[in-house]
Every structure is written in C-alpha cells, then in structure tokens.
Amino acid sequence: MKFQGWRHVFKLDPNKPLEDDALQALIHSGTDAFLIGGTDGVNVENTFALYDRLRHCGVPLALEMSHPNHVIQGFDHYFIPTVLNAGSPEWIIGHQAKAFERYGHQFDANQVTAQGYIVLNPDAKVAHVTQANCELSVEAAVAYAEVAHHLFRLPSLYIEYSGMFGDLNVVEEIRLALPEAHLFYGGGIDGAEAAHRAARFVDTIVVGNVIYDDLQGALATVEVLR
Ligand code: 1GP
C-alpha cells in the first residue's frame with residue numbers, strides 16, 4: 001500500500017532496544033507500516049540492524065532519512081523530512097541536498113517523498129536539534145502548512161509534537177485549511193483514545209515512544225483501523 005493509504009504507523013527508533021517478542025507483536029498488530037527513524041544516536045549500523053530484523057516481516061518499511069549518512073537500500077519507501085520551522089537552514093534543505101548529492105542517482109523518484117515537518121513541542125529532542133521555532137500561534141502554524149502545501153507543493157506534512165499530546169485545535173485548523181493535504185500527526189499517542197482523537201483530523205497517525213514505555217498501550221492504538 002502506498003503511504004497515502006496509511007492510517008496508522010509505528011515509528012521505530014534504531015537506537016532503542018526492542019525485544020523480539022515486542023517486535024513480533026508490532027508486526028502482527030495490523031499496523032499499516034513501520035517508519036524507521038530517530039533523533040539521538042541513530043547511525044547506519046543500528047538502522048541496518050533494525051531493518052534486518054524487519055525486512056521479511058510483510059509490513060511496509062519506510063526509512064525517515066534525517067541524515068545523509070544513514071541511507072540503506074531495500075526499504076519500500078523513503079521519507080525526506082524538511083523542518084519548515086527549523087532555526088537552521090541545514091534542517092530545511094542542507095541535509096537533504098547532501099543526501100541527493102550522494103544518493104540521488106540511486107533513488108526511484110516514486111519511492112522518495114518529502115515530509116514537511118512542523119515541530120511544535122519545544123521540549124522535543126527534534127526541536128532542540130533543529131532549533132525549531134515552536135512558539136507559533138495557530139494562525140502561524142496554519143500558514144507554515146499552507147506555504148508547504150500550496151507554494152512548495154510538498155506531498156505530505158507532518159505535525160510533530162513528539163513526546164507530548166498536541167494541541168488538537170492546531171491540528172484541526174490545519175486540516176480545515178488544507179483538506180486535500182496528506183497530514184501525518186505524531187506525539188504522545190499512548191492508547192486507543194488518544195489515537196482516535198488525533199486520527200479525526202489527519203490521514204496518518206504515528207505512534208512512537210509508547211512502544212518502549214507501554215507495549216500494550218501501543219498495540220491498542222491500532223484500534224483506529226477497525
Ligand atoms: C515521533 O511523531 C513521532 O517522531 C511519535 O511521537 O514518540 O510522542 O509517540 P511519540
């Protein structure tokens with residue numbers, strides 16, 4: 001299934017340990033895809049190790065290419081994030097240009113998708129690393145999304161609250177402004193209820209940290225698919 005059809009995604013961090021039993025439970029959960037990515041301590045070795053454990057699992061695998069050194073062949077899909085409200089141009093276009101300089105010739109354009117991130121939790125690691133300006137009014141957050149969709153014509157947007165459950169008013173306003181954009185939401189989804197609340201306004205919900213904190217809570221989020 002192409003990413004446009006994904007409703008639920010588990011985001012796996014190559015730098016976090018995950019027992020085989022837990023991985024098997026996630027594989028058989030019914031999720032639409034695994035997104036591999038993280039901010040801290042991710043390198044080509046741990047990314048490949050996780051890919052290797054998943055490559056025959058039957059669930060679509062996508063790599064979030066947040067660093068040009070971590071590209072691995074074989075994924076079903078590649079997302080290239082650009083952090084729209086980053087404080088440093090490196091995270092808007094610098095790393096992406098480096099990735100294409102090195103690997104552009106290997107990419108099938110149909111497998112690579114830009115993800116326009118709007119990072120809205122100032123305490124998230126990704127906010128620190130990218131020096132994101134998270135102090136955005138609702139109107140400003142909507143404007144970032146509109147620029148990304150209408151001017152830059154990015155094929156997907158990612159409303160990122162990593163580590164906290166976000167302000168659904170912001171998410172709803174972006175949805176209302178851009179009914180046709182493919183919206184990802186991630187942040188603080190820790191069970192079925194949070195999954196349902198976020199899924200009302202976006203195409204794809206992304207479930208991350210809870211996998212490592214409360215596996216049963218993580219598995220319960222797949223209920224949005226039923
Ligand atoms: C992180 O958006 C994802 O990039 C998921 O967020 O880890 O808070 O679930 P959580």
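First listed ligand is number 1; within each ligand, the first listed atom is number 1.
Centroid-to-centroid, the aromatic rings of Tyr103 and Tyr78 stay 6.0 Å apart or farther. When ring centroids are compared, Tyr158 and Phe79 stay outside the 6.0 Å threshold.
Residues in residues 123-151 take part in no ring-ring contact (aromatic ring centres under 6.0 Å, His included) pair, two or more places apart or across chains. Every pair passing ring-ring contact (aromatic ring centres under 6.0 Å, His included) that includes a residue from residues 22-58 is listed here, sequence neighbours excluded: Phe48-Tyr51, Tyr51-Phe75.
Using modelled atom types, one finds a donor on one side chain and an acceptor on the other under 3.5 Å when comparing Lys16 with Asn209.
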Pairs under 3.5 Å, N/O atoms on ligand 1 and on the protein: can you put them in a table with the distances?
unit_1, atom_1, unit_2, atom_2, d
ligand 1, 2 (O), Tyr158, OH, 2.7
ligand 1, 2 (O), Glu160, OE1, 2.7
ligand 1, 2 (O), Glu160, OE2, 3.4
ligand 1, 4 (O), Lys11, NZ, 2.7
ligand 1, 4 (O), Glu160, OE2, 2.6
ligand 1, 6 (O), Gly187, N, 3.3
ligand 1, 7 (O), Asn209, N, 2.8
ligand 1, 7 (O), Asn209, ND2, 2.8
ligand 1, 8 (O), Gly163, N, 2.8
ligand 1, 8 (O), Gly188, N, 2.9
ligand 1, 9 (O), Gly208, N, 2.9
ligand 1, 9 (O), Asn209, N, 3.4

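Under the ring pair (Phe, Tyr, Trp, His ring centres under 6.0 Å) criterion, Phe100 pairs with Phe107, sequence neighbours left out.
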